[in-house]
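Presented below is the structure to which this report refers.
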There are 2 protein chains.
Amino acid sequence: MSAYAALAEPHRRQILDLLLSGERPAGELVRHLGLSQPGVSKHLKVLREAGLVAVRTEGRQRVYALRPEPLAEVDQWLEPYRAFWSRRLDALERHLEENP
Amino acid sequence: MSAYAALAEPHRRQILDLLLSGERPAGELVRHLGLSQPGVSKHLKVLREAGLVAVRTEGRQRVYALRPEPLAEVDQWLEPYRAFWSRRLDALERHLEENP
DNA sequence: TGCTCATATTTCCATATGGAAATATGATTC
DNA sequence: GAATCATATTTCCATATGGAAATATGAGCA
């Protein structure tokens with residue numbers, strides 16, 4: 001699954017957000033998400049296949065870590081659009097200056 | 001539909017890319033995408049509902065224009081991740097400097 | 001008004017998706 | 001090696017999705 005498609009699901013974005021502050025075992029993610037354990041496990045599988053997370057086995061736990069690299073593609077795709085909305089903001093600023 | 005979900009479909013990203021260079025009537029998008037006319041029309045509906053495009057009727061044509069504002073939310077969501085992968089690149093640079 | 005062009009909507013279909021519940025696996029402990 | 005903990009996989013179900021084909025709508029023109 002593409003990074004774009006992986007991000008389409010809100011719970012998956014939430015998982016990534018949780019991993020921003022550091023690695024976490026799957027169970028901790030389950031507790032935070034308020035979803036069933038199998039449900040979270042499925043989303044984790046999608047994120048793994050999209051290359052957005054990596055797993056490490058530590059004792060009986062499976063510790064998940066963020067791998068943000070695939071997001072760089074999204075970031076690059078956004079690049080020309082950023083210019084587009086900056087231009088709009090510039091226009092807005094000019095408008096506000098000229099009509100105070 | 002959220003901007004994230006709208007971007008999950010490759011044809012829809014392609015439509016936005018086509019609109020980056022300026023407004024276009026629906027028919028022109030159909031020609032570029034190699035999809036059926038109704039197929040394109042459906043994707044345009046999704047993009048409209050996500051606020052990513054605006055339509056204007058001009059004679060018999062329906063002219064579509066980009067409205068990139070909803071992408072700003074995606075851009076902001078990406079922000080902390082950008083920091084994350086810059087840090088990784090920094091680490092890589094240090095590694096390369098120290099191991100030339 | 002009737003016709004044609006451009007586009008939207010509807011219908012049908014096959015497939016994908018997310019969630020809940022049940023079950024399986026793999027590591028740890030006794 | 002049996003019991004247990006943490007997690008993954010499977011199964012089932014309801015709903016969503018994308019595409020093709022057919023049909024409908026609406027603007028401009030004869």
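Letters A, B, ... mirror the listed sequences (proteins, then strands); counts begin at 1.
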Testing the basics here: between [X] and [Y], what is the closest heavy-atom pair and its distance to 0.1 Å?
{"X": "B/Leu29", "Y": "B/Arg24", "value": "CD2-CD, 3.9 Å"}
{"X": "A/Arg12", "Y": "A/Ala5", "value": "NH2-O, 3.4 Å"}
{"X": "B/Tyr4", "Y": "A/Leu7", "value": "CB-O, 3.7 Å"}

Separation of [X] atom [atom1] from [N] atom [atom2], in whole Å?
{"X": "B/Leu44", "N": "C/dA6", "atom1": "CG", "atom2": "P", "result": "16 Å"}
{"X": "B/Glu28", "N": "C/dT7", "atom1": "CD", "atom2": "C1'", "result": "15 Å"}
{"X": "A/Ile15", "N": "D/dT7", "atom1": "CD1", "atom2": "P", "result": "13 Å"}

Discussion item. Protein within reach of the bases, or only the backbone? For nucleotides 14-19 of chain D, mark each nucleotide 5' to 3' as B, S or -, using heavy atoms under 4.0 Å.
Written reply: ---SSB

Practice prompt. Would you mind classifying the nucleic acid contact of A/Pro25 as base, sugar-phosphate or nothing, using non-hydrogen atoms under 4.0 angstrom?
Written response: sugar-phosphate

Are [X] and [Y] packed together at the side-chain level, in the sense that at least one heavy-atom pair is separated by less than 4.5 angstrom?
{"X": "A/Leu18", "Y": "A/Tyr64", "answer": "no"}
{"X": "A/Leu16", "Y": "B/Trp77", "answer": "yes"}
{"X": "A/Leu52", "Y": "A/Ile15", "answer": "no"}
{"X": "A/Gln76", "Y": "A/Glu73", "answer": "no"}

Response to the item:
Expected list for residues 54-63 of chain B near DNA chain D, using heavy atoms below 4.0 Å, is B/Gly59, B/Arg60

Worksheet item: When rounded to the nearest 0.5 angstrom, what distance separates OG in B/Ser41 from CZ in B/Arg62?
Response: 8.5 Å

Worksheet item: So does A/Gln37 reach the base of D/dA8 with its side chain, donor to acceptor, closer than 3.5 Å?
Response: yes

Item to complete: For the helix from C/dT1-D/dA30 to C/dC30-D/dG1, figure out the bend between the end axes, five pairs an end, and round to 10 degrees.
Response: 0°

Worksheet item: Counting just side-chain N and O atoms, does A/Tyr64 come under 4.0 Å of either OP1 or OP2 of D/dA6?
Response: no

Fill in: Under-4.0 Å salt bridge between B/Arg31 and B/Glu28
no

Worksheet item: Between B/His43 and B/His11, how do the two ring planes meet: parallel, tilted or perpendicular, split at 30° and 60°?
Response: tilted

Item to complete: Ignoring hydrogens and angles, tell me if any N or O in the side chain of B/Tyr81 forms a donor-acceptor pair with the backbone of A/Asp17 under 3.5 Å.
Response: yes

